[in-house]
Amino acid sequence: ESALAVLEEMLPRRRKLRGKVRLTGTLLNLAEVQRHLGRLDEARALVDEARGHARGIESPRLRASVEAEDAALHEARGD
């Protein structure tokens, strides 16, 4: 819960600064925390948003991170 609070506090600043790499990373971190808390719908929305930002970034590593979190979310859902 404390990680969730810290990340949720950071997210508006990340959006305001418009740094897509850091914003995407923060979204993925927040999705991971939500997934661990069992809040899978919230995690799904965050992963989907992160994927949208990652598409515009030339970073295979970042895109791989999005896919890894997506896979973990599918596993958590039992898909």
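In this chain, numbering begins with 1 at the start of the sequence shown. Below, all heavy atoms of this structure are taken into account, side chains as well, without hydrogens, waters or symmetry copies. Treat the numbers as computed from the prediction; the structure is a model and nothing was measured.
Nearest heavy-atom pair across I57 and R63 is O-NH1, 2.7 Å. Here the shortest heavy-atom pairing between A54 and V66 reads CB-CG2, 3.9 Å. Residues T24 and H53 approach most closely at OG1-CB, 3.2 Å, considering heavy atoms. Taking both residues in full, the closest heavy atoms of A31 and A43 are given as O-CB, 3.5 Å, listed atom of the first, atom of the second, then distance.
In this structure, R77 and D41 have side chains that are in contact, with non-hydrogen atoms separated by less than 4.5 Å. Within the 4.5 Å cutoff, no side-chain heavy atoms of E42 are placed close to those of L30. V47 is listed as a side-chain neighbour of R44, based on a closest heavy-atom distance under 4.5 Å. Using a 4.5 Å cut-off on side-chain heavy atoms (C-beta onward), L37 and V33 make contact. Counting heavy atoms from C-beta on, the side chains of L27 and L11 come closer than 4.5 Å.
Screening residues 22-38 for salt bridge (Lys or Arg N to Asp or Glu O under 4.0 Å), with sequence neighbours left out, gives R35-E69.
Taken from OG in S2 to CG in L7, the straight-line distance is 9.5 Å, to the nearest 0.5 Å. Residue Q34 holds its CD atom at 9.5 Å from CG of L40, rounded to the nearest 0.5 Å.
Both L4 and V6 are assigned to one and the same hydrophobic cluster, defined by single-linkage of ILVMFWY side chains at heavy-atom distances under 4.5 Å. Linking Ile, Leu, Val, Met, Phe, Trp and Tyr residues whenever their side-chain heavy atoms come within less than 4.5 Å places L46 and L23 in a single cluster.
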